[in-house]
Amino acid sequence: MGLLDRFKAQRELHAQVKSCGADPFGVKMEKILSATEALIEGRPTILCGSNNYLGFTFDADCIEAAKETLDTCGTGTTGSRIANGSYHDHKALEQDLADFYGMKHCMVFTTGYQANLGAISTLAGPNDFLIIDADSHASIYDACKLGSATVIRFKHNDPADLDRRLGRLANEPGNKIVVVEGIYSMLGDHAPLKEFVAVTKKHGAYILVDEAHSMGVMGKTGQGVVEHDGVLDQVDFITGTFSKSMGAIGGFLVSNIEDFDILRVACRPYMFTASLPPATVASVRKSLAKLRANPGLMQKLWDNVDTLYEGARAAGFTVGAQKGPVVAVHINDPALAARAWRALLLNGVYVNLALPPATPSGTALLRCSVSAAHTKEQLQSVVDVLSGVGRELGILPTPAHAVAAE
Amino acid sequence: MDAVVAEIAIALQPFKKGDIAITADTDIAQDLNMDSLAVMDLLMELEDKFDVSIPLNMVPEIATVGQLARTVIESKKGA
């Protein structure tokens, strides 16, 4: 048997998806035109699946900060923080983030994936318990595999279910850490954090919140769902990423826990990988400073969310239950979803095709994400193209049918 | 043991391939239409049915319905 033969199931699934006429997981951006537009197959295409929530990838100040640092600090650090040392900006960014969250400590990681991988696998020891939301991101599941704790899964966004499962562990002596996300990346719904925090405290457990998709998006100042639900002072750990609203790459962990810095010599995904390039750190510092100086940026984002979410809903699509910058258009059949995805691309609209098992409960999604940098016209045209494709493929009733049904 | 296997068999009905009966020897990955997500969801359902904790860490060690039943029984004892 060949080394890669065991991926038969993945191969068949991928072939099936590619039969729509293109590879949804291998899209080539020939030229990036702006935060919201790229050239794909020679066509100018609206990017509506990039998680670029505040549009900072092409912000002039962020680019300037990165360029200056590129000149003064070079292209990379060529090693990890513990081996090659920390640059001024690594420490400064950690200070910025600790300050932003009003927490004592911060550790910056090279990706958001590694922030979860490192934080979760290191915080919970062999005698401890991780109690994770069933719809957790792959980075949380992988962290559980990397670590040595006992792992229990609870029903998605269900505090009563968490309560029951923590109750069953009442006589277990180990520490318990509950892991939830702010906004969930696939359906765009957010955690009932107030309830989760109450349940967690009742059982004497810790709680870690991943704000990857909600930092710079929710809460008055952009801290995320912790701020939206008024529980920042009651959560023990927050992780997040710089690759969504911050427009770059990297991840972080903030906390008030005593002796935090011991993690720097215990957390393998922090210790054994090269640290962030200084130019990236500089652009993230600038993005964060701009968000803090002007939280009104988020208002533009939410106005845009209205246009796409309400537009898609009014057109007759089933969208995620909670309104937010991730707008998940449900298509029941994965093959049909792939055809719709292809038709959108041919009409100059790029969204993400999300298929099971990456999606919850076997649903296929045309996953759209909204940016503050989108114009209203761009989003209106996404709604128009989406509606046209929906009618053409029979996902939406054609006007004639709609009239006949009345 | 037999009672637990019978309960698990009921929970597995939606994943049956054809008319083949589910027994203690049924291989969960090979004999049923289940992916890893479905297996994790099944564990959650059984946790509630038997009021036990079945950690995800057990998944690699559970191949057959019989092994799953034994895991449930042992969790019950430990509780």
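For the numbers below, each heavy atom of this structure counts, side chains included, while hydrogens, waters and symmetry mates do not. What you are looking at is a predicted structure, and each value in this text was computed from that prediction instead of being measured. In the text below, chain A, chain B and the rest are named by the order of the sequence lines, each starting its count at 1.
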* Quick check: are there more than 12 heavy atoms from other residues, nucleotides or ligands sitting under 6.0 Å from OH of A:Tyr206? -> no
* Calculate, to the nearest 0.5 Å, the distance between atoms OG1 and CG belonging to A:Thr359 and B:Leu37 respectively. => 8.5 Å
* Test applied, side-chain contact (heavy atoms from CB on, under 4.5 Å); reference residue, B:Ser53; option that passes from A:Arg165, A:Arg168, A:Glu172 -> A:Arg168
* Checking heavy atoms, do the side chain of B:Ile54, its backbone, both or neither come under 4.5 Å from chain A? -> backbone
* Asked: A:Lys155 versus chain B, heavy atoms under 4.5 Å apart: side chain, backbone, both or neither?
  -> both
* Asked: Could you walk me through whether A:Ile152 and B:Glu47 pass the side-chain contact (heavy atoms from CB on, under 4.5 Å) check?
  -> CA-CA 10 Å; A:Ile152 299 282; B:Glu47 283 185 317; 3.6 Å; yes
* **Residue A:Arg11 excluded, over 12 heavy atoms near CZ under 6.0 Å** => yes
* Asked: So which part of A:Ala9 gets closer than 4.5 Å to some heavy atom of chain B, the side chain, the backbone, both or neither?
  -> neither
Which pairs of donor and acceptor atoms, one on a side chain in residues 13-20 of chain A, lie under 3.5 Å apart (sequence neighbours left out)?
| residue | atom | partner | partner atom | Å |
| --- | --- | --- | --- | --- |
| A:His14 | NE2 | A:Asp23 | OD1 | 2.9 |
| A:His14 | NE2 | A:Asp23 | OD2 | 3.3 |
| A:Ser19 | OG | A:Gln16 | O | 2.5 |

* To do: Would you indicate whether B:Lys49, at its atom NZ, is surrounded by more than 12 heavy atoms from other residues, nucleotides or ligands within a distance under 6.0 Å?
  => yes
* **Validation row: A:Arg153, B:Leu43 side chains within 4.5 angstrom (heavy atoms)** => no
* Structure fact -> Whatever's closer than 4.5 Å to a heavy atom in chain A on B:Met58 counts as neither
* Asked: Looking only at heavy atoms, what is the nearest atom pair of A:Phe154 and B:Met44, with distance?
  -> C-SD, 3.8 Å
* Salt-bridge contact B:Asp51-A:Arg164 (side-chain N to carboxylate O under 4.0 Å) -> no
* **Minimum heavy-atom distance between B:Asp48 and A:Asp161, given as atom pair plus value** => OD2-OD1, 4.1 Å
* Quick check: are there more than 12 heavy atoms from other residues, nucleotides or ligands sitting under 6.0 Å from NZ of A:Lys201? -> yes
* **B:Asp2 CG: over 12 foreign heavy atoms closer than 6.0 Å** => no
